[in-house]
2 protein chains.
Amino acid sequence: MPSVLIIEDDQRIRELVTRVLSEKGYEVGGAATALDGLQRIVQDSPDVVILDMGLPDLDGRELLKMIRAITDVPVVVATARGEDAEVIRTLDSGADDYLIKPFSVEQLEARLRAVLRRSAADSSIMPIVVGGIQIHVEARVATLDGRALQLSPKEFDLLVFLANRVGVVVSRRQIMAEVWRQPYGGSEKTVDVHISWLRKKLGETAAQSRYIETVHGVGIKLVDPT
Amino acid sequence: MPSVLIIEDDQRIRELVTRVLSEKGYEVGGAATALDGLQRIVQDSPDVVILDMGLPDLDGRELLKMIRAITDVPVVVATARGEDAEVIRTLDSGADDYLIKPFSVEQLEARLRAVLRRSAADSSIMPIVVGGIQIHVEARVATLDGRALQLSPKEFDLLVFLANRVGVVVSRRQIMAEVWRQPYGGSEKTVDVHISWLRKKLGETAAQSRYIETVHGVGIKLVDPT
DNA sequence: CGGCTGTCTTAGCAACTCCTTAAGATGGTG
DNA sequence: CACCATCTTAAGGAGTTGCTAAGACAGCCG
């Protein structure tokens, strides 16, 4: 679960947010001053920081600059109702998103998720590589020997699932559970059909396979032919 | 208090702006010609420059280039109404913001404050570039191959959102949450309509797309065709 | 006030893609 | 060889997307 640090001098807000986010499963830490906040960022390295701009001991933007100087942690800024220019200035100072007080819990959580998703996306820009296959998960683009593959959603998900377990045999049941999600009632034959399509698009057949191997009686595995 | 230099040949406007801004507490200097303006920029190093593009002795953009060559002072450009192309070229020449005559005092002051705060934050205002698309986020101006796009507010926000995630597929739900800023506010079909309008203005259709690609069952992505 | 303009939303249908199922073909195993 | 697992193809239906049109609404101007 992601960890959150809230830097906010108003104790009531701090405790409220801490309680609510804890219930949602976040690990939450709090700091009442800029100095304390900085220390905790260094020590705890949270996944995201919620920063109140109205701290008593240091101007919010100054603190934001200092945070930016030492880490790339996403920062969601909370400001009192303000002008657009204020918001723009804040974002330009390096904030990743902003909230205008008073904000609802729903809003807060939405922003947190958005920011976390973005930073997670940044960390996974490296493609998955298996032999001549390259998979850019975020772009949902897969290439074979440099040429793009036209994959349907299920085919793509299936390929990603297999590519994340290169060399490991997975059962049809596993594939059904992970790629199809949901307690799905469909037959496992469906997996075979998609595997077949995937093979065709990878330029191979079951008999003459380079990447997708069948392990009789067990399941399927993706292998790196090199 | 910040100091402002206004370079404007029309004496009435110059005096009006000087009087109004002085009342607001700005230090205001004036210049009626390009040459005089340059001298004062060097001597007084104002915090922000208001530049009329219709000066008699030198083309406005030429002057802007010269200003940019000697200093990074923020420049707010004032142009006559109606010349979209002019505005775009001006922003590309290094202006920080623009005003269209006749402008209200409130507008002027808002732009000045915005520009001053931005420069105080020492942030760059590079446009977002995706292929032939340029987006000046602060000015809310977007161009395609150098020509202005007439985008509605939502269309612009949508384009900015996509442009900030070039090459990454985003779901309609994500778009709703981030651009519409209301979790589960309305139907996700609304997104499709705005996407369609955006495509039309970008000179493409879903079938023949250069920039906006649909990923069936997942969402939308903006791609750089180069 | 009333019409005008621009924008946003919703509805709805056509066109399209994708998934599932079924059924026969193929291949491995004892 | 008999049996069962796997492979492949075809086809209907479910779901998704694209786009037009019409209504709602706010801002603006006379």
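A, B, ... follow the sequence lines: proteins, then strands. Residue 1 opens every chain. Nothing here was measured: the structure is a model prediction, and the numbers come from that model.
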TODO: Let me know the distance between CH2 of Trp180(A) and C1' of dG15(D), rounded to the nearest Å.
DONE: 16 Å

Open item on the list: Whether Lys154(B) engages the ring of Trp180(B) as a cation-pi pair (distance to the six-membered ring centre under 6.0 angstrom, angle to the ring normal within 45°) should be assessed.
Closed with: yes

Task: Residues forming a salt bridge (charged side-chain N to carboxylate O under 4.0 Å, His left out) with Glu27(B), sequence neighbours excluded - done: none

TODO: Could you tell me which residues satisfy salt bridge (charged side-chain N to carboxylate O under 4.0 Å, His left out) with Arg19(B), sequence neighbours excluded, listed by chain and number?
DONE: none

Task: Tyr26(B) side chain to Thr18(B) backbone, donor-acceptor under 3.5 Å - done: no

Open item on the list: Strictly under 4.0 angstrom, non-hydrogen atoms only: write out the protein contact profile of nucleotides 24-30 of chain C, one letter per nucleotide from the 5' end, B, S or -.
Closed with: -------

Open item on the list: Is there a side-chain contact between Thr214(B) and the phosphate of dT16(D), meaning an N or O under 4.0 Å from OP1 or OP2?
Closed with: no

TODO: Calculate the interatomic distance between Gln150(B) atom CD and dT7(C) atom C1'; express it in whole Å.
DONE: 14 Å

TODO: Measure from CD on Glu204(B) to C1' on dG18(D) and round the result to the nearest Å.
DONE: 13 Å

- [ ] Would you please confirm or rule out a distance under 4.0 Å between OP1 or OP2 of dA11(C) and any side-chain N or O of Ser187(B)?
- [x] no

Open item on the list: I need the NZ-P distance between Lys221(A) and dT6(D), as an integer number of Å.
Closed with: 15 Å

TODO: Tell me what Asp192(A) touches on the nucleic acid: a base, only sugar-phosphate, or nothing, going by heavy atoms under 4.0 Å.
DONE: base

- [ ] Within residues 152-164 of chain B, find the residues that approach DNA chain C with a heavy atom at under 4.0 Å, and present them sorted by residue number.
- [x] Ser152(B), Pro153(B), Lys154(B)

Open item on the list: Between P on dT8(D) and CD1 on Ile220(A), what's the gap in Å once rounded to a whole number?
Closed with: 10 Å

- [ ] Provide, to the nearest angstrom, the distance between the CE atom belonging to Met176(B) and the C1' atom belonging to dT10(C).
- [x] 11 Å

- [ ] Could you walk me through whether Arg140(B) and Asp157(B) pass salt bridge (charged side-chain N to carboxylate O under 4.0 Å, His left out), step by step?
- [x] CA-CA 9 Å; Arg140(B) 294 189 72 82; Asp157(B) 292 343; 2.9 Å; yes

Open item on the list: Within residues 193-200 of chain B, which residues have any heavy atom lying less than 4.0 Å from an atom of DNA chain C?
Closed with: Val193(B), His194(B), Trp197(B)

Task: Any donor-acceptor N/O pair, Glu204(B) side chain to Ile212(B) backbone, under 3.5 Å - done: yes

- [ ] Look at the side chain of Lys201(B) and the backbone N and O of Gln150(B), then say whether any donor-acceptor pair between them is shorter than 3.5 Å.
- [x] yes

Open item on the list: Any salt bridge linking Arg14(B) with Asp9(B)? Criterion: basic side-chain nitrogen under 4.0 Å from a carboxylate oxygen.
Closed with: no

Task: Listed partners of Gln174(A) passing side chain to side chain contact (heavy atoms under 4.5 Å, CB included), at least two apart - done: Val170(A), Ser171(A)

Open item on the list: Any side-chain N or O of Arg172(A) below 4.0 angstrom from OP1/OP2 of dA5(D)?
Closed with: no

Open item on the list: Tell me whether the side-chain N/O atoms of Thr190(B) come closer than 4.0 Å to OP1 or OP2 in dC8(C).
Closed with: no

- [ ] Kindly say whether Asp47(B) contributes a backbone atom to a donor-acceptor pair with the side chain of Ser3(B) at under 3.5 angstrom?
- [x] yes

Open item on the list: Closer than 3.5 angstrom, by distance alone: can the side chain of Tyr211(B) be matched with the main-chain N or O of Gly132(B) as a donor-acceptor pair?
Closed with: yes

Open item on the list: Nearest whole Å is fine: how far is dG6(C) P from Lys201(B) NZ?
Closed with: 11 Å

TODO: Using atom CD of Glu188(B) as one end and atom P of dT10(C) as the other, report the distance to the nearest whole Å.
DONE: 12 Å

- [ ] Please say whether more than 12 non-hydrogen atoms of neighbouring residues, nucleotides or ligands are located less than 6.0 Å from CZ in Arg173(A).
- [x] no

